[in-house]
*Asks:* 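This structure is in structure tokens; I'll ask about it shortly.
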There are 2 protein chains.
Amino acid sequence: MAASTLTEVARLAGVSPATASRVLNGSARKPGQDIAERVRQAAESLGYIPNAQAQGLAKSSSGLIGLIVHDIADPYFAAIARGVQEAAREQRKMVLLATTGGGPAEEREAVAAFAARRADSIVIAGSRSCRAEDRDGNAELAAELDRYCRNGGQVAVVGHPVVGATADEGYHVVRVPNQELAGRLATELAGNWDGDFVVVGGPEGLLTSDDRVRGFQEGLERAGRRPAEVLRSAFNRSGGYDAGLELAARIKAAPHGDGDAAAGKLCIFAVNDVMAIGAAAALRSEGLRIPRDAAIAGFDDIETLRDFRPALSTVRLPLEEIGRLATRATGPRPAGENGDTAEGVSPGEVTGEVTLRRSTEAAA
Amino acid sequence: MAASTLTEVARLAGVSPATASRVLNGSARKPGQDIAERVRQAAESLGYIPNAQAQGLAKSSSGLIGLIVHDIADPYFAAIARGVQEAAREQRKMVLLATTGGGPAEEREAVAAFAARRADSIVIAGSRSCRAEDRDGNAELAAELDRYCRNGGQVAVVGHPVVGATADEGYHVVRVPNQELAGRLATELAGNWDGDFVVVGGPEGLLTSDDRVRGFQEGLERAGRRPAEVLRSAFNRSGGYDAGLELAARIKAAPHGDGDAAAGKLCIFAVNDVMAIGAAAALRSEGLRIPRDAAIAGFDDIETLRDFRPALSTVRLPLEEIGRLATRATGPRPAGENGDTAEGVSPGEVTGEVTLRRSTEAAA
DNA sequence: TTCCCGTTGGCAAGCGCTTTCCGGAAGTAG
DNA sequence: CTACTTCCGGAAAGCGCTTGCCAACGGGAA
């Protein structure tokens, strides 16, 4: 038994499909009370569920929002996804999920798949890369996005614009002031830390990571400190762990216990919380203690990680809000705004907050 | 400029739409080489992207897998989602996400929405409830699922079958031996813990929680221990926190320091890791230390929480695998199995592993 | 050379819904 | 009572794609 169709409902109600459609699936024209009631009853008794595909085909719009993330199990993306999901609900749309692992090629593929499904909008949450080997991939991704926008699609990108994207309509960016916030973190840290700083960054060319590294260095400079050495590794926990191992070795090798003890201690800034946790785990596995032997700070303020001890100093980012904003930016223009706001309305800029906790306390 | 259509491609290539369709979108009949090449070129030059909605309508299948979770930002669900996503990719399908907060009404709605989109299958990851107030909701959910299955849909549920679902075709359950594993955890814990046990459970009627509580009690009994008191609160971190606060008060009020010190200490079993972390945070905020003042154990072995200190004793569940299995169960039957296997093939049962760590070490 | 079968491309009929357009009925004014 | 507007239901034309069926064609066997 196949699902029942609008036509069947119409027949049962003794009206034309056109009328049934007008009654059941929102239309400007509202048929008469009695008829409407008959149709509704018929639909009810048949357990009618409109075929969204057919509706989409007829109206050329699908009620779908495509979301692209690196990895849905990463709490950073999961938090954003929650926001997206929420906003989608407001718009009475469903979320189509694609996880890409971060490669531009996979992202392009995902965009194409969303386009094929005629998704009304696409939210790209992954961090952009500008590595040389991603040049072609980025170009293709940009081309795909441009095409999607030209066909009326709405795109929102979190963080950075896609390298090379030129669409001017339907293309929104939720900017995250990574650089500025990292700078603020650096200056605040410098305020109560005398030793040297080390940065544990993601692979070079990862825009988010690069921004945070750059901002941190600038902050140090403003505070009159010398620039931090930068270690590069994978942008996830295991990358942080690896870097942590290396740093642990150095710390243990360094002379300590003399008069210059405080100055010799390291403050590690990992460009995201997950890496910071990895680094902390590595230090700990080497017998080092935080913040006694080294301080450590992260970025993002991942919720699940807030119970970590010692509490991690970090920069709080309103992840959920970011997802919501991005999604709303792609949605229908909020009503009641005529000509007042600029045409290319900024989709919103979010802000974060430096949050110093136990992991960077100077007192050992 | 709207996206180009098959017809346009066909015209450009000088063939009929039928032929173009056969060339571009997999069909049994393969047109001749030269024609195929012409069509492919035309498609390429137009940047043709097939309209999945139209395809779906014509073939009545959408290439969509619906996933229902309580909250995508909860690491438990995020991990399952990753597995689902992976398996979906294997099947060349996309994942449609619905987060429901756990209510049967919302779940029913989500199922209906998936049905409307003609999702090929649905994976329900949320924990089932059998509370009295959910009776009606569950019944409606079951009815909706039955209808979906009768129309050829495939459903996989993680954990427990939906209460009242009767579909026998296309309805799969990935069983998680919560009860047994909780039992094993209890006996192992009882092996090196002399004090009393307390269980921090979710609201009564949450099947997953109930199973774990029951199993734990059974395990205690097998170990010759007296049953644990059960505290109920929300099935998330804040629920754990609340319970933790209450327990902290008791612990502090209890007489200690006498000869019976060890026997007076509490071992807390929270029915999931997130609650356990919450409880631990509460204890800590009250100045208590783990495992010195109280031991604590969780369930699930959430990846993000593994770096938590003291390391949390728990039961490892192969969350990703569960997602994968559930999804595969709904997919096309693996080829090459004729009559050999039973008709109603079991979709797979997973197993977990008790993992004792620092948080329940007896030595203070 | 003739007949028959196997291929291969095209025609056309949907898939289930929306929406434009049209005709008739009802309502209003003159 | 007639003329004009308004409103409302229905007929029909798609939306973009798939697929069953048919006709034409080519080749091998007789």
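Excluded from the calculations below are hydrogen atoms, water molecules and symmetry mates; all remaining heavy atoms, backbone and side chain alike, are included. Letters go in sequence order (proteins before strands), and every chain restarts at 1.
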*Asks:* Hey, which of these two, B:Thr19 or A:Thr5, hits DNA chain C nearer its 5' end, going by closest nucleotide?
*Replies:*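 Its nearest nucleotide lies further toward 5', so the answer is B:Thr19.
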*Asks:* For D:dT18 and B:Ser21 - does any side-chain N or O of the residue sit under 4.0 Å from the phosphate oxygens OP1/OP2?
*Replies:*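 For B:Ser21, the contact criterion (side-chain N or O under 4.0 Å from OP1 or OP2 of D:dT18) is met.
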*Asks:* Write down the distance between CG (A:Asn151) and C1' (D:dC15), rounded to a whole number of angstrom.
*Replies:* 15 Å
*Asks:* Rounded to the nearest Å, what distance is computed from the CG atom of residue B:Leu57 to the P atom of nucleotide C:dT18?
*Replies:*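 Those two atoms, CG and P, are 12 Å apart.
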*Asks:* Looking only at heavy atoms, what is the nearest atom pair of A:Val162 and A:Tyr171, with distance?
*Replies:*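 Smallest interatomic distance, heavy atoms only, reads N-OH, 2.7 Å.
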*Asks:* Any idea which of D:dT19, D:dA12, C:dG16 is nearest the A:Ala18 side chain?
*Replies:* D:dA12
*Asks:* Write down the distance between CD (A:Glu8) and C1' (C:dC15), rounded to a whole number of angstrom.
*Replies:*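 Checked: the CD to C1' distance equals 13 Å.
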*Asks:* Salt-bridge test for B:Arg11 and B:Glu8: reply yes if a basic N is under 4.0 Å from a carboxylate O, no otherwise.
*Replies:*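 No, this pair does not count.
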*Asks:* Within the structure, does a side-chain N or O atom of B:Gln55 lie under 4.0 Å from either OP1 or OP2 of D:dT18?
*Replies:* yes
*Asks:* For B:Gln33 and C:dT7, what is the distance between atoms CD and C1' respectively, to the nearest whole Å?
*Replies:* 15 Å
*Asks:* Taking all atoms of both residues into account, what is the closest heavy-atom pair of B:Leu141 and B:Arg128, and its distance?
*Replies:* CD2-NH1, 3.8 Å
*Asks:* Using whole Å, report how far CG of B:Leu6 lies from P of C:dG10.
*Replies:*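 Roughly 13 Å, once rounded to whole Å.
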*Asks:* Could you verify whether a donor N or O on one side chain and an acceptor N or O on the other, from A:Asp134 and A:Ser129, lie under 3.5 Å apart?
*Replies:* yes
*Asks:* Donor-acceptor pair under 3.5 Å: do we get one between B:Arg22's side chain and the base of C:dG10?
*Replies:* yes
*Asks:* Whole-Å distance between D:dC8 P and A:Asp34 CG?
*Replies:*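 Value for this atom pair: 11 Å.
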*Asks:* Would a 4.5 Å heavy-atom cut-off, applied to side chains only, mark B:Val155 and B:Ser121 as touching?
*Replies:*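 Of all side-chain heavy-atom pairs linking B:Ser121 with B:Val155, none is under 4.5 Å.
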*Asks:* Return the value, rounded to whole Å, for the distance between atom CD of B:Gln53 and atom P of C:dC17.
*Replies:* 13 Å
*Asks:* Taking for each residue the nucleotide of DNA chain C bearing the nearest heavy atom, is the 5' side occupied by B:Arg118 or by B:Ser16?
*Replies:* B:Ser16
*Asks:* Please check the phosphate of C:dT18 (OP1 and OP2 only) for any side-chain N or O of A:Asn25 closer than 4.0 Å.
*Replies:* yes
*Asks:* From CG of B:Asn51 over to P of C:dG16, roughly how many Å is that when rounded to an integer?
*Replies:* 16 Å
